[in-house]
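Scope of the values below: all heavy atoms of this structure, side chains included, with no hydrogens, waters or symmetry mates.
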Amino acid sequence: MRHDERWAAVTNQYGVPPPPRSALTLRLILATFGLLVCAAAAIVFALLDLPLPLILVAALLAVVAAVDLVVITRRKLHGEPG
């Protein structure tokens, strides 16, 4: 298959490629991993009596991952592909 034929297979009649698809499932997996790791880190840091800013950073990252999980779940429930 030549380059022209391959390019024609991924473009429409005007030579415009299709819009990119969202990788929501991969994002869901990564956000879940981030939530688990950051929450566990915050708990371990607190149990080890490490400095408060370190605990807060880990907890804040866990909250960000949790919010991302909510956003991803809503988008998937509304039928967005990915």
Item to complete: Report the C-alpha separation of V71 and R27 in whole Å, then their side-chain angles, then the decisive distance to 0.1 Å, and conclude whether the side-chain contact (heavy atoms from CB on, under 4.5 Å) test is met.
Response: CA-CA 11 Å; V71 170; R27 191 170 148 196; 4.0 Å; yes
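Side-chain contact between L28 and L24 is absent, with no heavy-atom pair separated by less than 4.5 Å.
Scanning all heavy atoms of the two residues, the minimum distance from A59 to A42 falls at N-CB, 3.9 Å. The two residues L35 and A62 have their closest heavy-atom pair at CD1-O, 3.2 Å.
Here the rule is side chain to side chain contact (heavy atoms under 4.5 Å, CB included) with L56, and of L54, L52, L60 only L52 fits it. With C38 as the partner, the side chain to side chain contact (heavy atoms under 4.5 Å, CB included) test is satisfied by one option alone out of L61, I43, V63: L61.
Taking OG1 of T25 as the start and CG of L30 as the end, the distance is 11.0 Å to the nearest 0.5 Å. Taken from CD1 in I55 to CG in D49, the straight-line distance is 7.0 Å, to the nearest 0.5 Å.
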